[in-house]
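Report on one structure; see the data block that follows.
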Amino acid sequence: MKFEFYNPTRVFFGAGMISRLGAEAKKIGNKAFLVIGKGSVKKNGTLDKAMKALKDAGLDVVLFEGIEPNPRLGTLLRAKEALIRAGADMVIALGGGSVMDASKVIATLPFYEGNPWDMMHVGSRLQRLPTKALPVITVPTLAATGSEMNEGAVITNEETCEKTYVGAECMFPKVAIVDPELTLTVPKDQTAYGLADIITHVTESYFNSKVNTPLQDMMAEGVVRVVIEYGRKVVMNLNDLEARAQVQWASVVALNDWVQCGTNAPFPVHQIEHVLSAHHDIAHGAGLAIVSPAWMKFAWRHNQRKFRQFAERVFGITGEGAEERGIEALENFFKEVGCPTRLSEVGIDKSRFERYAQDTVRIGGDGTKVHGIPPLEVSDIIEILKLAA
Ligand code: NZQ
Ligand code: ZN
């Protein structure tokens, strides 16, 4: 096992922590470009809280609103113009993964020459990564992606119908203010999609690692167990702050790269889902709740020991057929909390499976296959989509 680990994001975690926003922003600069989504933070009062914290600390604020779920390149280009006009010295992301991802890319754009799509990962083409960005503060309002404490961003090119990621050192947020109170207003469906996202972040590395990583395994299992236990409580009572907090901390830990150390694992389920949400604009976590169990039903025979271990340690399932019963238990959990588990539930039919599979190997793979255990060719991805139909 050989790896390098780096994560410079300073995290403030806890209910009411948004009150720290002003003081932390003031340490960075004087004028904030505050990015929000389609309006949830206006309705639920979170924007007012953020504005107050920033104004009380003496900051000027320029608001940019309208980042859509599955954020689009065109929106980012509009934000770039507004950011340059504003002359801000930092970017603050107040929203879910879409707002945070968009903000992390927007912060690089004043320094990035040429077409920003060149920074995105598309198959094996050479990426022109950003090297400089304005400092970013993330304030997540939804527990799911882990974007608040990682260097990644996922963007959709609405013209080419491609959705893919970029990760660069300059994109690590300086500060993440993780306040579970801000997630109390997330509706049940989006809450459930978040649970599927958190779980899939750790199962991807768990099931696709070729090396022996006993500690990472237990950390991943721990994340899944916490999300199942407290996720159930949250969907039963959306106002359960303690449960919201446990889930949100799991979301941070699941994808700040700590659980993935040494696994060097690809994320095949994510590659397939990103293609589906590029074509159909579905919520990322909903897509994962559908694709993840289908991928597992396809993949378990190639990694039986791990699937047995997962079934036993997460669900207490042992004996004959434990691998498949473990997958079923996970799928049942997704259903129980209110996620779709079939493509038909989100209006995706079989007619374009071949196209989705080709896009997946072209964008998320090396042109002929997507890495993972097992490596997936176009025909394998079509099989997985059939299992998810
Ligand atoms: O746009 P607004 O009005 O704010 O509403 C949002 C949106 O409709 C709403 N919402 C967020 N916080 C809320 C709330 N509604 C009520 N109360 C609140 N407190 O929820 C909806 C979904 O928001 P979105 O940001 O799209 O969700 P999520 O956090 O799941 O982010 C998904 C995006 O992140 C990418 C996904 O591909 C997708 O584009 N990912 C980013 C990753 C990363 N940077 O590391 C990794 C992930 O695997 C993922 O790919
Ligand atoms: Zn994800």
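Just so you know, ligand 1 is whichever comes first in the structure, and atom 1 is the first atom listed for that ligand.
- Residue-to-ligand polar distances place K38 within reach of ligand 1: an N/O pair is separated by less than 3.5 Å.
- For atom 50 (O) of ligand 1, the nearest non-hydrogen atom of the protein is H274 NE2, 3.0 Å.
- More than 12 non-hydrogen atoms from other residues, nucleotides or ligands lie less than 6.0 angstrom from CG of D189.
- Considering each of V99, L142, L184, V186, the one bringing a non-hydrogen atom nearest atom 27 (O) of ligand 1 is L142.
- The pair E24-K27 meets the salt-bridge criterion, with a side-chain N (NZ, NE, NH1 or NH2) lying under 4.0 Å from an Asp/Glu carboxylate O.
- Within 6.0 Å of NZ in K306 there are more than 12 heavy atoms belonging to other residues, nucleotides or ligands.
- Among H284, E273, R72, the residue whose heavy atom lies closest to atom 49 (C) of ligand 1 is H284.
- The proximity of P71 to ligand 1, defined as any non-hydrogen pair under 4.0 Å, is limited to the side chain.
- The environment of CD in E354 is sparse: at most 12 heavy-atom neighbours from other residues, nucleotides or ligands sit within 6.0 Å.
- Distances shorter than 4.0 angstrom occur between a heavy atom of P187 and an atom of ligand 1.
- Of the protein's heavy atoms, T141 OG1, 2.8 Å lies nearest to atom 12 (N) of ligand 1.
- Ring pair Y6/F172 is perpendicular by interplanar angle, where above 60° counts as perpendicular and below 30° as parallel.
- Residue contacts with ligand 1, taken as heavy atom pairs separated by less than 4.0 Å, involve D197 solely via side-chain atoms from C-beta onward.
- Here T46 has no heavy atoms under 4.0 Å from ligand 1, in either its backbone or its side chain.
- Only protein N, O or S atoms were considered, and those under 2.8 Å from the Zn ion (ligand 2) are D197 OD1, H201 NE2, H270 NE2, H284 NE2.
- A donor and an acceptor atom, one from each side chain of D366 and T368, are located under 3.5 Å apart.
- When only non-hydrogen protein atoms are considered, atom 8 (O) of ligand 1 lies nearest to P69 CG, 3.9 Å.
- Counting heavy atoms under 4.0 Å from ligand 1, residue D101 touches it through the side chain alone.
- Shown here is R308, whose CZ atom has more than 12 heavy atoms of other residues, nucleotides or ligands within 6.0 Å.
- Enclosure of atom CZ in R10 is not indicated, since only 12 or fewer non-hydrogen atoms of other residues, nucleotides or ligands lie within 6.0 angstrom.
- When the heavy-atom distances from atom 6 (C) of ligand 1 to S40, G39, G167 are ranked, the shortest goes to S40.
- When the shell of 6.0 Å around NZ of K132 is examined, it contains 12 or fewer heavy atoms from other residues, nucleotides or ligands.
- Ring geometry for H270 against H274 counts as perpendicular: the plane angle is over 60°, on a 0 to 90° scale with 30° as the lower cut.
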